[in-house]
Amino acid sequence: MGNRILVAPAPHIHGSLSTQRLMLDVIIALIPALAVSVYVFGWNVLLITAVSIGCCVLFEYLIQLLFVRGKQTVTNLSAVVTGLLLAMNMPANIPLWIVAVGALVAIGVAKMPFGGLGKTPFNP
């Protein structure tokens with residue numbers, strides 16, 4: 001009975017990187033893909049990306065302000081990463097209101113009701 005297995009929730013490995021720095025690294029890694037998307041699909045990709053990121057950040061801020069009442073996590077850049085990834089999954093000619101609805105679903109249905117970053121059962 002000397003070898004016991006400790007069962008605990010994630011994260012299991014701790015490091016010196018903050019969440020904000022990790023999310024910034026993800027954003028930097030996605031910039032070349034965004035640049036190629038603009039080259040292939042046109043300048044409208046930047047508008048879709050801006051709306052997606054803006055809506056994700058706004059919805060996360062408002063949901064935390066109105067419902068969660070905890071420390072604001074908008075500054076950790078996870079909403080920016082969610083918006084960027086959401087925009088990269090949209091067609092280049094999609095109406096902007098659909099992008100906004102997608103951001104609301106990603107943040108308001110898939111992320112925040114479960115407790116935010118790291119607590120979701122699936123990736124928004």
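Basis for what follows: all heavy atoms, side chains included, without hydrogens, waters or symmetry-related copies. Sequence positions, counted from 1, serve as the residue numbers for this chain.
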Could you pull out every donor-acceptor pair under 3.5 Å between side chains of residues 86-101 and any protein atom, sequence neighbours left out?
unit_1 : atom_1 : unit_2 : atom_2 : d
N89    : ND2    : L85    : O      : 2.7

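- The hydrophobic clustering, which links ILVMFWY residues whose side-chain heavy atoms are closer than 4.5 Å, places V81 and V109 apart.
- The hydrophobic clustering, which links ILVMFWY residues whose side-chain heavy atoms are closer than 4.5 Å, places V80 and L24 together.
- By the side-chain hydrogen bond (donor to acceptor under 3.5 Å, both in side chains) test, D25 is found to be paired with R21, residues two or more places apart in sequence or in another chain being considered.
- A chain of hydrophobic side-chain contacts below 4.5 Å, direct or via other Ile, Leu, Val, Met, Phe, Trp or Tyr residues, connects V40 to W43.
- Each salt bridge (charged side-chain N to carboxylate O under 4.0 Å, His left out) pair with one or both residues in residues 31-47, not counting sequence neighbours, would appear here, but there are none.
- For T73, the side-chain hydrogen bond (donor to acceptor under 3.5 Å, both in side chains) criterion is met by E60, Q64, not counting sequence neighbours.
- Residues L77 and M23 approach most closely at CB-CB, 3.7 Å, considering heavy atoms.
- The hydrophobic clustering, which links ILVMFWY residues whose side-chain heavy atoms are closer than 4.5 Å, places L84 and I28 together.
- Under the 4.5 Å side-chain heavy-atom criterion for grouping Ile, Leu, Val, Met, Phe, Trp and Tyr, V105 is not connected to I107 through any hydrophobic cluster.
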Ignoring hydrogens and angles, write down the donor-acceptor pairs under 3.5 Å from the side chains of residues 46-58, residues two or more places apart or on other chains.
unit_1 : atom_1 : unit_2 : atom_2 : d
T49    : OG1    : V45    : O      : 2.8
S52    : OG     : G83    : O      : 2.6

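- A search for side chain to side chain contact (heavy atoms under 4.5 Å, CB included) contacts involving Y61 returns L65, Q72, V74, not counting sequence neighbours.
- When all heavy atoms of K111 and A79 are compared, the closest pair comes out as NZ-N, 3.9 Å.
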